[in-house]
Amino acid sequence: DAKVWKLTAASSHPPIVPWVAVIKNHVVPQSNVRLKEIGSPDSIKWTQAYAGALYNFNNTLEGVQDGLTDIGWVGTLWEPVKMPLHNVTFYAPFVSATVHQLVEIQEHMETTIPAMKKEWDKHNQVYLGAQAADTYHIVSTFPINSMADLKGKKFMAPGAVANWLKGTGAIGINGGLPVYYNNMKTGVADGAIIITTGMLPFKLHEAAPYITKVDMGGPISGALTMNKDSWKKLPAHMKILFRDLGRDYARMQSDIIAQKEALFLKIMAKQGAKISEFPASERKKWVNGLPDLAGNWAKANGAAGKQVLSAFMEGVRKRGGKPSRDWDK
Amino acid sequence: MSAPEALESEQGGTSLPRRPAEIFHMITSGMNSLGTFWVFCLMFLICAEITGRFAFNYAIRGVSEIIGYSIVTAVFLQFASTLNAGRFTRAELLIEWLEKRRPVAGYSFMALFYLLGAAAFGFITYGTYPKFINAWLENEITGVPGDFTFIIWPFLGIIVLGAGVTALEFIIQFFGALRITADAWKKRDPSDRIGWPAMAVFVVFVAIAGWVGAGDLSNVQIGLLSIVCMLVFIYCGMHIGVALLVLGFLGIWLIRGDPALSIRVLSRASTEYLNSYFFGVVPLFVLMGLLVAVSDVGKETFEVARWALRRVKGGLGVATVVANAIFASITGSSIASAAVFTKIATPEMLRHGYTPRFSVGVVAGSSVLGMLIPPSLLLIIYGFLAEESVGRLFLAAVIPGIILATAMSLGIVLMAIYMPKYIGGTEIHAEDESIRSAAKKLFPILLLVVLVLGGIYGGVFTPTEAGAAGALGALVIALARRKLTWSNLWTTVIETGHVTVSILFLILAARIYGQMLAMSNLPQQVSGFAAEANLGLYGFMFAYIVLLVFLGTILDSVSIMVITLPLAIPVVASMGGDLIWFGIVSVVSVEIGLLTPPLGITVYVVKSTLDDARVSLNDIFAGAFPFVIIMLLVVALLVAFPQLSLVLL
Ligand code: NA
Ligand code: NA
């Protein structure tokens, strides 16, 4: 006899951003397709509530934790206190790696480091799939060719990203993505430290036409997770199914990100953005002038902090990424 | 008369022993003062951040987090006192009539509503207490490690305390209402003065709703039932926030079959939803409006406009509109505009022979400009709900604001020409101003306009920060002109607190209600239906505007926006409508409700400020009616030509 499972999928962002689009377009529809494929008579009746209908961006972790949704994307980047280990990339900047490399590294850490799993356990959820993004660059209202150009400038730089400006003579201003455009347009900020895939949707290059490719490294920024109580109720074959979908999720959202990163740069260039590379020598100066961000972070997080930091750095080196500073040494 | 006043005047105290009740109210009013003072300090904190950033290239880290946490705690500190002051928003229409004419029915309704309020706040307390204990034991922090962090148990503790005290206040009010019911029962009239029909209708409705709800409903049906219940409860006079909280709570319970989830949602939203920089600036915009109102800036603007328009037919009416439009650029709230201009423009028009109806109508009508011409509280709330840039919304509202002001002025001139009897009025030959004296009088307001708009578009501060800068500017001007005493500063600040709490409580409650609706899948189905119905964008806009105008008859602007926008925004976006344009159209449409009976906030403000028995509420509604028509025409214009809103962007 067939059982109808009632599940909810939700998100803080509209399903046009890659990390939500894959939930709506793949995870949800594929779940029923695959149930059929394995010959199960069961089906899932989904309730879908995207774009902040159930919780907004600062409550993605709690949305899954409380059971507002059964499955959802959790933005660990907004949880530096509750999910410290998942924020390693924000304390180890200027480590170049592709988005595909990053999700591989994250997947490896989630499955091999117990302390990473513990963070999810503590918030009543189960990790299903990794989520990372493209590398951070600078978009600004003025050209940037050297460290000296940064001095005295104000950049939109949320949370720990503001630390990356230490030693440059520039300051970071807090604020969500929706205000970047206006702040740069009016001059409250002179630029923003941001990933390429975030620039075009908010038309930032129209307010600040200079895009300087600094390559400060991409973030491990979240994960697809399931509420633990909901997870426990699932039979073994459905757990396998969702694990598979989680791996699909990581791969597919990375594909979209990588593709958009290249495409968006082209589009913005065509629309008049002035794109340049930040000189390697200046970049070296910048990274060497930073305080020991990762070291301090690891110390604050004890043994697990050290373990996660070295696993991350090793993971990058092993996959051919290029750390500009060996934060773990 | 609000319920608490009625309690005191009719029985001289509450049913609790006098002493404990007095002590309790001393505590709640102390908490209120603390919350008020805290918000006042935020103004200085934001100004310090602006100065540091702009002048010294120095960033005070964590200001937005501090403001987010502060506004939640300030609101919870002020809840009980706001309730006690009778400032929780409700549709008075039916309940006030019942309370006066059928007190047994009226006060038994209120007793029930207070009990539900006590339950709602009781659940918030119950759900948040464990979080507080946990945060305390674990010394939980928030912020960004390596940047700034602070401990959070004090904030959670205040929320638990504030919610608990508010639940107690509801219980006190409950006993008060019961007592009045009992007294009224003893004094009952032999003829039908009980209000049986009203009570019977309500009981039958609740019974039917309960019976239907207990059946095997689909989630969508639960959502629909909750909407019907919401309308009935609001019409009956339940506090709108309480109605939304209670229905959200019950709906989530029914949909998911888990009361614990309802409690988690209630507590989570209470502690975290209002925790936002956006909401932190709401009181500052309110404060700015109120400070400007006490500093006589509006009066002098009007005097100059009157002098400049002395040769125009219906000149004093046009002057009111023009002065209001200028005043609007330094205040974010129509309520402040209505209060100010009732005091200064209406007596002047009456003195010059304008009809009372027109004299009050033009003030009520033109004060809607206050929330359209930037800065605007409604646009800030829209920006939050739609995740659109407030700066772009402000810019987009400039031309529509000017169009509306022009249309109103034109309407007045046409009425003066073609319906002179309706308007009345004689020529004024006031030559009492010169260019020089006019300039001198306009100087303070221009200073504020330059400060606020110049600051925003000159890159000194963000539109959200403008509330703090503007409030400080208004404070300085009021002080410089010696219009501010300690006592009216305190009144202004307390009033700011009550207005803020009543707005933010609605926003919080509507959020919980909205979460319930999203779980019911109703909005998703409605969006799908609207998309498939081939209404097209314009068909949808027509239906949506009709809905807003209809809701505007009984609800206030903020309530309408928080109830409808979460449903409408995805639909408009999916049909390719520009969300900035949609915001402007929504705000003008919602503002029509300020002028329409039975609940027209601006009209009420005019009435209570004027305090003149010769002018009835009906007169003001009638006088404002031509402006409703003008607003509808302007809405049509804005819908038809989106460029009017978008060209400046
Ligand atoms: Na305004
Ligand atoms: Na109305």
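Reminder, nothing fancy here: chain letters follow the sequence lines and each chain counts from 1. Everything numeric here is computed off the predicted structure, so don't read it as measured data.
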On a heavy-atom basis, the closest approach of Asn521(B) and Gln48(A) is OD1-O, 4.2 Å

Pick from Trp297(A), Tyr91(A), Tyr180(A): which one has the most heavy-atom pairs with chain B under 4.5 Å? Tyr91(A)

Val265(B) side chain reached by Asp66(A) side chain, heavy atoms, under 4.5 Å: no

Among residues 150-159 of chain A, those lying within the under-4.5 Å heavy-atom range of chain B are Gly152(A), Lys153(A), Lys154(A), Ala157(A), Gly159(A)

Could you measure the distance from the CZ atom of Arg61(B) to the CD1 atom of Ile173(A)? Nearest 0.5 Å is fine. 9.0 Å

So if I apply the side-chain contact (heavy atoms from CB on, under 4.5 Å) rule between Leu68(A) and each of Met519(B), Arg268(B), Arg264(B), which one comes out positive? Met519(B)

Can you tell which part of Thr142(B) gets under 4.5 Å to a heavy atom of chain A, answering side chain, backbone, both or neither? backbone

Chain B shares the most heavy-atom pairs under 4.5 Å, among Thr8(A), Leu293(A), Asn59(A), Asn56(A), with Asn59(A)

So what's closer than 4.5 Å to chain A heavy atoms on Tyr277(B): side chain, backbone, both or neither? neither

Scanning both residues in full, the closest heavy-atom pair of Thr47(A) with Ala518(B) reads CG2-O, 4.1 Å

Heavy-atom cut-off 4.5 Å, strictly under: side chain, backbone, both or neither for Asn275(B) against chain A? backbone

Given heavy-atom pairs under 4.5 angstrom as the criterion, report whether the side chain, backbone, both or neither of Val460(B) touches chain A. backbone

Give, as side chain, backbone, both or neither, the part of Leu261(B) having an atom under 4.5 angstrom from any heavy atom of chain A. side chain

Atom pair CG/NZ of Leu395(B) and Lys185(A) - distance to nearest 0.5 Å: 9.0 Å

Report yes if some heavy atom in the side chain of Val81(A) is under 4.5 Å from a heavy atom in the side chain of Glu140(B); otherwise report no. no

Output all residues satisfying ring-ring contact (aromatic ring centres under 6.0 Å, His included) with Phe132(B), sequence neighbours left out; order by chain, then residue number. Trp136(B)

Atom pair CZ/NZ of Arg256(B) and Lys6(A) - distance to nearest 0.5 Å: 10.5 Å

So which atom in Pro80(A) and which in Pro145(B) form the shortest heavy-atom distance, rounded to 0.1 Å? CB-CD, 3.7 Å

So, the part of Ala49(A) with a heavy atom under 4.5 Å from chain B: the answer is both

Rounded to the nearest 0.5 Å, the OH atom of Tyr55(A) sits from the CD atom of Glu272(B) at a distance of 13.5 Å

Heavy-atom closest pair, residues Gln515(B) and Leu54(A): NE2-O, 2.6 Å

Turns out that what part of Met516(B) lies under 4.5 Å from chain A's heavy atoms comes down to neither

Look up atom CD in Glu65(B) and atom CG in Asn174(A), then write down how far apart they are to the nearest 0.5 Å. 5.0 Å

Neighbour count above 12 (heavy atom, 6.0 Å) for Lys82(A) NZ: yes

Does atom NZ of Lys166(A) have more than 12 heavy-atom neighbours, drawn from other residues, nucleotides or ligands, at distances under 6.0 Å? yes

Max heavy-atom pairs within cutoff under 4.5 Å with chain B, candidates Ala300(A), Ala170(A), Gly172(A), goes to Gly172(A)

